[in-house]
Structures are given as C-alpha cells and as structure tokens.
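All of these numbers come straight from a predicted model, not from anything done at the bench. Per chain, numbering begins at 1; letters A, B, ... match sequence-line order.
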Amino acid sequence: MSETKIDDKKILVTAALPYANGHIHIGHLVEYIQTDIWVRFQKLSGRRCLFICADDTHGTAIMIRARQEGRSEQELIAQMQAAHEKDFAGFDIEFDHYSSTNSQENYQLCTEIWSKLRSEGLIREDDVEQLYDPQVGTFLADRFVKGTCPECKSPGEYGDNCSKCSATYSPTDLIDPVSTLSGATPVKKTAKHLFIQIEQLRGFLTQWTQSGKHLQTEIANYLKGHFLGHPLRDWDVSRPEPYFGFAIPDSPGNYWYVWFDAPIGYIASTWQWCKRHNEQLSDWWQSEHTEIHHFIGKDITYFHTLFWPGVLKAVGYSLPSFVHIHGFLTVDKEKMAKTRGTMIRASKYLELLDPSYLRYYYASKLGPKPEDIDLNFQEFIAKVDSDLVGKVVNLASRTARFVEGTGLSIEYPHDGGLFAAGVVAGDRIAEAYEQGDYARAMRLIMELADAANSFVENTAPWTLKKDPTLQVRLQEVCTIVLNLFRQLCVYLAPVLPRLSQQCGKLLQREIVAWSDSKTPLVGTQVSKFEHLMQRVDPKKVQQMVDESKEVPKSDAPSVPVAQTPVQAVTSPAVTEAIEPLVAEPLAPTCTIEDFAKVDLRVARVIKAEEVPEAKKLVKLTVSLGGDVTRTVFAGIKAAYTLEQLEGRLVVIVANLQPRQMKFGLSEGMVTAAGAGGTEVFLLGVDTGAKPGHRVH
RNA sequence: GGCGAAGUAGCUCAGUCGGUUAGAGCAACGGCUUCAUAAGCCGUGUGUCGCCGGUUCGAGUCCGGCCUUCGCUACCA
C-alpha cells in the first residue's frame with residue numbers, strides 16, 4: 001500500500017472531510033476508524049505523525065437547508081461540526097486537529113493558491129448560459145433540470161444528455177425545462193464561470209498516477225481507462241451568487257465551488273494546528289521530509305487523484321505520497337437503508353454498544369484493496385465474543401486473580417519460546433498494519449492468542465494453586481500468560497486503545513510504544529482484576545437496528561413550513577428529519593385547475609412481472625375497473641417483491657402521455673414517495689376505494 | 001447495455017515466483033477440562049478451487065472464451 005518509511009520522516013494523514021449536511025453513520029466510520037488505526041500505529045511506532053481533518057461546510061445544499069430551517073449557515077455548520085466531533089470522540093477517533101473549511105486560514109490559502117493558478121495560466125474564463133430558477137433564486141446544475149429531449153422529443157430527460165437517444169446537449173436546449181428544485185420554469189441567464197484547464201497537467205498526472213507508488217493498482221487502472229486516455233475537460237470551479245462559500249476576490253459575484261476549497265481545507269486545518277504549536281506550515285506541506293497520506297472512499301477518487309494532485313503540483317505544494325482508497329460498507333450484502341434500519345448513526349450505536357466492537361470488527365475485515373466490506377451482525381457478534389472476549393481478554397481473566405497479591409515474577413521465566421515467537425510475529429503484524437492489511441494483522445494476533453490459551457491449558461494454573469509447594473511456579477506461569485496478554489494488547493493498541501489502557505492499569509505499566517511488545521514486564525504489582533470487555537448483547541444490536549428504522553409518522557406535521565400550531569408547544573415536540581424536504585424543496589403554487597389536469601386513479605395491480613433485462617423496473621398490469629387495463633413500468637424492483645404487488649391497490653397517473661421504453665410501452669405512472677432505490681413507498685388507499693375511483 | 005472488481009469448505013477469507021497430499025478462523029460434530037465473562041483445550045474436512053478450452057513435465061495460480069455475483073452508470077422515481 002505504501003512504501004516503508006524512513007523513520008526521520010514526518011507523516012501527515014487526512015481522512016475525507018465529512019459534509020456538514022448530515023450526521024456520521026457507520027458507513028462513514030469505516031474510513032475514520034481505518035485512518036485512526038493507521039495513525040495510532042504510526043505514532044506507537046515512534047513516528048512523528050499528524051492526523052488532520054475538518055468539516056466540509058460550503059455549497060448549495062447547506063445554503064438551501066439553512067434557508068429551510070430559518071437560520072444562518074454559520075449556525076447550522078457550527079452545530080453539525082459539534083455533533084461530528086462528539087461522534088468521532090465517542091469512537092476513539094483521535095484527531096490532532098479538527099477544523100472547518102469555513103475558516104479564515106482556508107480563505108487565505110484559497111486566495112493564494114488561486115492567484116498562483118492564475119499566474120500559471122491555468123484559469124480560463126467563459127460565459128456560460130445556464131438555466132436559473134427564479135423561484136429558488138439560484139442557478140441550476142444539469143441534473144437539477146429536466147425536460148424534453150431536443151432530438152428525439154423524449155420527455156423527462158436530465159439536462160446533460162438524453163437517456164433515450166443518447167444525444168448530448170446543454171440544459172438550455174431542453175424543450176419545456178423544469179427545475180427539479182421547485183418545479184418552476186427556469187429562465188436562461190448568462191454568467192461568467194472560471195475553469196481550471198486541467199488538461200495542461202495530463203502528462204504529469206499520467207506519470208504520477210501510473211508510477212505505481214501513489215495509488216492502488218485498481219485505482220491507477222481505472223484512471224488510465226476512464227480519464228487519462230482523452231483530453232481532460234476543464235474543471236468549472238466557480239459558482240455565481242447566491243452561494244454559501246468563499247467569494248472569489250478577483251471575480252465579483254462568483255464563489256469558489258465547494259470542491260475547490262474542500263481539499264485546501266486539509267492544508268488550512270494543518271495551518272491552524274501549526275499556529276497553535278508554533279510550527280511552520282511549509283515543514284508539513286512543502287517538505288521532502290514529510291509524507292502526506294490521504295484516506296478516502298472510492299466515491300471521491302476523481303477529485304483526490306486527478307484534480308487535487310494537479311492543483312498541488314501547479315502551485316508548489318507536496319503531492320500525496322499515497323492516496324488510500326477504501327470501498328463502501330454494505331450491511332448483509334445490501335446497501336445501507338433507513339427502511340431496514342441499517343443506516344445506523346454513530347450516536348445511536350454509542351447509546352447501545354461499545355465502540356471497541358466496531359473498531360475490531362472493521363479491522364478484521366479491512367484489507368489494502370478498495371473493496372466494499374460487509375457488516376453482518378451475526379458475524380459481528382461471533383467475532384467480538386470469540387476473538388476478543390474468548391481469546392484475548394480471557395487470558396487476563398484466567399490468570400490475573402492468582403497474582404493479585406504477589407505481582408509478577410522478578411525474572412521472566414522459561415516459556416518455551418512463546419514470548420520470543422510473539423516478538424518475531426510482531427514484525428509481520430507491523431508490516432500488515434503499515435500496508436493497511438488490518439485483516440491480516442488481526443489473524444496473526446489471534447494466532448498468538450490461540451497459542452497463549454493453549455499454554456494456559458497445559459500448565460493448568462488452577463491445579464498449581466492447590467499445591468502450596470508450587471506457588472512460585474504458579475507466579476511464573478501467570479507472569480508468562482500476562483506478558484503474552486500484554487504483548488497482544490500492544491499489537492491491538494491501534495485498534496483497541498481502551499484495552500491497551502486497561503492492560504496498563506492492570507499490570508501497572510502503561511503501554512506507550514510498539515517496542516513495549518519486545519521486552520517482558522517483570523516485578524510489577526498486579527491490580528485487582530476487573531472485567532475488561534463485555535460480550536456483545538444481541539438484544540442491544542437488534543434494538544439498535546430497530547431504533548434506526550425510519551418510521552413514517554403520517555399524522556404529525558412533517559415540516560415547519562407553516563406557522564407552528566399552538567398545541568405543539570404543550571405536546572412533546574416531534575422533530576421530523578429535514579432531509580427529505582431539503583432534497584426536494586416544495587414546488588411553486590399551482591391552481592386547482594392545474595391539479596385537475598392530472599388524472600390520478602385508484603388501480604389494482606392484476607399482474608406484476610419481472611423485467612429480466614432491467615435492474616430497477618417491474619412491469620405492472622393494472623386494472624382501472626371493468627376490463628380497462630394499463631401496462632405501466634415502475635422503478636420499484638428493489639423495494640417490492642412481485643408477490644407484494646399483485647392484488648394491491650395503487651394510485652396511478654392515468655392520463656400521462658404514454659412513453660415508449662426499451663421494454664415496452666408504459667401507459668401511466670405509479671405514484672410513490674421516497675428517495676429511490678429501496679426507499680420507495682407506494683401510495684395506498686384506505687379500505688373501500690375501488691379501481692377506477694379518481695383522486696380529488 | 002457500458003465500465004470495473006470478484007468467484008477457493010455451510011459462513012468469512014488466506015493461498016507469495018506455476019511445484020509435494022489446497023489452508024485458517026467461525027459454525028457443526030465427538031471427547032477433555034472447570035482457572036476464566038456458558039470462556040478454554042484436543043480431535044474430526046469426500047472442497048468438481050465458477051465452467052470450458054489452451055500453454056506446461058506440472059495450473060487454484062498464466063492465456064482465451066463463457067457463466068454468475070457485486071459496485072458504478074443507464075432505463076424508473
């Protein structure tokens with residue numbers, strides 16, 4: 001994963017900046033735990049290492065959300081940052097500095113880097129005619145506009161290309177465009193945009209990405225195949241006002257796009273740390289003696305492996321030594337979903353379970369490849385119980401009590417080479433950590449734990465205890481086992497810092513360095529034994545999943561758009577999540593006549609069929625009463641089984657213009673709510689309604 | 001459909017440069033033990049290494065084709 005370090009080198013490590021629009025969940029934690037383990041390993045090994053992070057705070061999403069919640073962006077991002085930091089601390093993720101991209105330092109750095117990019121001739125200005133939503137008062141990105149394809153007249157196409165005839169065009173070419181933010185008809189408006197001409201750096205980027213030193217091979221291949229074979233498109237790094245972010249000093253009315261200032265936030269956050277610790281920023285970001293390691297998810301590969309190195313190169317900052325890219329988290333092989341309760345927030349987990357469990361479980365699954373990892377709760381419980389409680393912690397609880405009065409032997413006794421074998425294995429464990437192969441490290445550690453338990457069995461301290469003449473031997477055996485336990489605690493310290501602390505307390509000698517694993521501890525007192533870790537309570541796991549399920553509350557006011565009703569003051573406040581409304585703000589007012597144009601009808605699904613070639617579609621035959629039927633394709637395959645659909649009542653748009661699709665003609669649309677994917681909720685009707693009834 | 005990754009024991013995975021009889025943990029089963037948090041120890045594997053073909057003295061490993069799964073993307077919303 002990365003080259004072996006020369007030990008006088010400094011290491012600067014970053015994890016991706018979490019966006020201030022959402023709370024930390026167990027999917028995010030894969031990355032922060034992965035990074036924290038690596039940082040702790042480096043520090044334990046005696047290397048000078050900084051772990052830097054910050055909240056990513058800018059962008060349209062933050063602006064709209066703050067607007068919806070009736071408060072300032074600053075208030076919103078401050079609150080989210082506090083929540084993020086609390087969650088991270090709860091999982092023992094220890095940053096050296098945690099900042100915000102909305103900082104004075106970041107603004108100053110953006111300005112400096114910007115003017116350097118200008119002087120390097122990398123910035124191009126161009127007028128861009130874009131659609132503008134007069135309702136929301138903002139320009140619309142391509143995918144926020146839908147309309148009819150100018151080529152084939154297919155309706156409902158996104159603003160960049162037609163899914164039907166593959167034509168590419170600009171959103172301003174769409175016939176009858178509609179803003180997906182408000183439903184308003186956008187107007188054309190011209191604005192100046194600023195672009196970074198990344199193509200000028202393609203030669204450098206090809207060499208840098210393909211050198212084999214900075215990226216996993218899978219990632220290098222991906223970039224080669226997808227981007228580096230063709231000229232790179234200029235990167236649009238400005239957004240016209242209104243926008244929550246930094247105003248571009250030499251371009252009035254324009255702001256830096258959030259993805260421009262976010263990675264610069266890595267440097268800005270380091271700078272803040274430097275100011276507090278009286279250090280030079282250039283020693284960290286412009287020095288050959290410092291390695292920079294970014295940990296990110298595969299979703300933001302593009303930015304961190306092309307744009308970011310390109311910018312750094314152009315402005316004279318150090319390039320990353322390595323970009324460590326991990327996959328996504330699935331739960332039971334499925335994407336996390338709120339409906340299934342698998343989108344578990346960090347704070348919810350911490351209410352019910354020990355963070356050490358998740359740290360160990362992730363460690364046992366994480367390798368150096370950018371592969372997805374799967375969380376399976378059965379395996380989670382089994383692994384923690386069996387490995388940590390049954391094997392590791394058990395070593396202490398089998399022996400510590402026998403030496404509470406006497407402490408450890410003065411000299412380390414003969415142990416048949418067990419401790420020495422552990423020292424040898426330590427090098428391989430260290431190598432595995434270094435390479436990001438934590439799964440391998442955990443396997444090696446558990447092999448040692450197995451050997452130690454076997455030793456306990458063979459020496460049977462409980463038998464020695466009964467014979468007064470064998471008390472010295474008993475102390476020796478316990479000295480050996482507790483030293484093997486301590487060795488394991490050193491090896492596990494990057495993953496389980498709490499355990500290593502508890503071990504320090506038990507044996508009255510703190511674990512401070514990896515090298516503590518190389519010398520046995522002798523002659524210390526042994527504290528009264530206390531349980532070091534509890535088994536996983538399966539009921540708590542179930543409770544966590546249950547309480548993470550999003551339950552629709554149909555009768556509560558869903559959003560505070562109108563005046564809050566007076567009774568809300570006396571009843572306990574039901575706070576609904578704001579995300580759905582932010583994701584899709586209210587459409588502009590329409591008249592009753594407008595509404596009457598849409599003919600919504602109750603219909604019964606009489607046949608639900610698989611569309612084998614389609615991943616998301618099912619083919620429904622619905623009855624509108626009598627022998628009037630319609631064929632409708634609906635994108636609900638991931639959310640409903642065919643059996644669940646057949647026979648049930650749905651509400652369809654009965655007078656929608658039929659649409660020819662690859663799989664057949666769709667004669668209407670089934671109404672549903674939700675974000676898509678597995679989060680699709682069909683509209684139902686109370687008992688009594690009949691197929692053919694119109695919805696008024 | 002496009003791009004990428006992966007298929008090895010019931011589950012999770014290791015398997016380096018092509019080299020003896022393909023391994024580990026968990027689960028299961030049998031026995032032992034009772035220090036320990038119902039923990040621990042010993043023992044038990046008839047696996048078409050996804051399929052077909054090729055290269056080779058020799059293929060889980062290299063090459064070609066196919067199948068399946070997963071991810072991204074598209075169709076839907």
Side-chain angles (χ1 to χ4, degrees), chain A residues 146 154 156-158 161-164 166 180 216-219 221-223 225-226 298-299 301 327-328 330 333-335 361 364-365 367 369-374 376 378-383 385-402 437 439-440 442-444 446-447 449-466 474 477-478 481 529-536 584 611 613-620 632-639 653 659-663 666 669-677 679-682:
Chain A
K146 278 186 161 185
S154 161
E157 297 297 339
Y158 282 109
N161 65 67
C162 176
S163 57
K164 191 77 179 61
S166 311
T180 62
Q216 289 127 304
T217 52
E218 295 87 343
I219 301 297
N221 293 340
Y222 164 75
L223 296 173
H226 278 77
K298 63 185 184 183
D299 53 327
T301 297
F328 297 141
T330 56
K333 299 274 165 142
E334 308 244 27
K335 265 197 217 176
Y361 183 76
S364 77
K365 305 286 277 189
K369 289 191 181 176
E371 286 171 343
D372 291 354
I373 69 167
D374 187 53
N376 171 291
Q378 306 303 319
E379 191 194 20
F380 171 84
I381 294 167
K383 253 195 159 112
D385 285 357
S386 163
D387 291 357
L388 295 184
V389 181
K391 288 180 182 176
V392 177
V393 156
N394 197 219
L395 290 169
S397 63
R398 300 180 84 172
T399 52
R401 279 186 192 117
F402 297 143
D437 199 347
R440 180 174 152 79
M442 296 308 108
R443 274 197 305 277
L444 291 167
M446 289 311 140
E447 276 177 28
D450 282 338
N453 271 302
S454 190
F455 177 83
V456 176
E457 197 70 23
N458 293 331
T459 49
W462 55 94
T463 309
L464 302 175
K465 187 184 70 171
K466 290 170 190 157
L474 173 65
V477 164
C478 292
V481 175
F529 181 76
E530 291 169 12
H531 279 181
L532 300 170
M533 192 179 290
Q534 304 301 319
R535 310 173 77 75
V536 183
E584 194 170 357
V611 184
E613 317 93 283
K615 278 192 184 168
K616 298 184 186 173
L617 294 179
V618 292
K619 181 180 180 181
L620 302 179
V632 179
F633 289 89
I636 56 175
K637 191 171 184 170
V653 183
R659 173 160 178 196
Q660 184 61 47
M661 299 173 57
K662 187 158 66 179
F663 317 110
S666 188
M669 186 168 93
V670 175
T671 55
E679 284 187 65
V680 175
F681 310 97
L682 287 175

My understanding is that a pair needs two contacts under 3.5 Å, Watson-Crick or G-U wobble. By that rule, which nucleotide pairs with B:rU46? none
Nearest-angstrom distance, C1' atom, B:rC17 to B:rU56: 15 Å
Using Watson-Crick geometry (N1-N3 plus N6-O4 or O6-N4) or G-U wobble (N1-O2, O6-N3), each under 3.5 Å, B:rG10 is paired with B:rC26
Can you see if the side chain of A:K391 gets near the phosphate of B:rC26 - specifically, an N or O under 4.0 Å from OP1 or OP2? yes
B:rG15 and B:rG47: how far apart are their C1' atoms, nearest whole angstrom? 14 Å
Please pick, from B:rU12, B:rC26, B:rC75, the nucleotide with the shortest atom-to-atom distance to any side-chain atom of A:S386. B:rC26
Among B:rU37, B:rA6, B:rG71, find the nucleotide with the atom closest to the side chain of A:E371. B:rA6
What interatomic distance, in whole Å, is found between C1' of B:rU46 and the corresponding atom of B:rG71? 36 Å
Would you kindly compare A:T671 and A:D387 by the position of their nearest RNA chain B nucleotide and give the one closer to the 5′ end? A:D387
Which part of the nucleic acid, if any, lies within contact of A:V393, taking any heavy atom under 4.0 Å across all strands shown: a base, the sugar-phosphate backbone alone, or nothing? base
For B:rC3, which nucleotide is its Watson-Crick or G-U wobble mate, given both distances must be under 3.5 Å? B:rG71
Sticking with atom C1', work out how far B:rA9 lies from B:rU16, rounded to a whole angstrom. 22 Å
Considering all heavy atoms of both residues, which atom of A:L464 and which atom of A:L474 are nearest to each other, and what is their separation? CD1-CA, 3.8 Å
Would you mind pulling out the nucleotide paired to B:rU37, Watson-Crick or G-U wobble, both distances under 3.5 Å? none
Do you know the tightest heavy-atom contact between A:V481 and A:L395? CG1-O, 3.7 Å
Would you indicate what A:R440 reaches in the nucleic acid, counting non-hydrogen atoms under 4.0 angstrom: base, sugar-phosphate, or nothing? nothing
Side chain of A:D450 only, please: which of B:rU12, B:rG25, B:rU37 is the nearest? B:rG25
Per A:R535 side chain, nearest of listed nucleotides B:rG25, B:rC13, B:rU37: B:rU37
Distance check, P atoms only: B:rA27 and B:rG40, in whole angstrom units. 8 Å
Does the side chain of A:I381 come within less than 4.5 Å of A:R535's, by heavy atoms? no
Mind checking if A:M446 touches a base, just sugar-phosphate, or nothing, with heavy atoms under 4.0 Å? nothing
In terms of heavy-atom contacts, A:G390 and A:N453 come closest through O-ND2, 4.2 Å
Quick one: look up who B:rU21 pairs with, Watson-Crick or G-U, both distances under 3.5 Å, and put none if it's unpaired. none
Selection from B:rU37, B:rC41, B:rC76 that lies nearest to any side-chain heavy atom of A:S454: B:rC41
Heavy-atom closest pair, residues A:F455 and A:T459: O-OG1, 2.7 Å
Which sits closer to the 5' end of RNA chain B, A:M669 or A:F328, going by the nucleotide each is nearest to? A:F328
NA contact type, A:N453, heavy-atom cut-off 4.0 Å: base, sugar-phosphate, or nothing? sugar-phosphate
Quick note, A:W462 side chain, CB onward, closest among B:rG40, B:rG71, B:rU33 is B:rU33
Verify the contact: side-chain N or O of A:R398 to OP1 or OP2 of B:rC41, cut-off strictly under 4.0 Å; return yes or no. no
Tell which nucleotide pairs with B:rU56, taking only Watson-Crick or G-U wobble pairs whose two distances are both under 3.5 angstrom. none
Atom of A:D374, atom of A:Y361 and distance for their closest heavy-atom approach: O-OH, 3.2 Å
Rounding to an integer number of angstrom, what distance separates B:rU68 and B:rC29 when you compare their P atoms? 37 Å
Measuring only the P atom in each nucleotide, how far is B:rG19 from B:rC62? A whole number of Å is fine. 11 Å
Using purine N1 to pyrimidine N3 plus N6-O4 or O6-N4 for Watson-Crick, or N1-O2 and O6-N3 for G-U wobble, each under 3.5 Å, what pairs with B:rU16? none
Within the 4.0 Å heavy-atom criterion, would you say A:L532 contacts the bases, only the backbone, or no part of the nucleic acid? base
With rounding to whole Å, what would you report as the distance between B:rC63 and B:rU21 at their C1' atoms? 28 Å
Where do A:K391 and A:D450 come nearest, in terms of heavy atoms and distance? CE-OD1, 3.0 Å
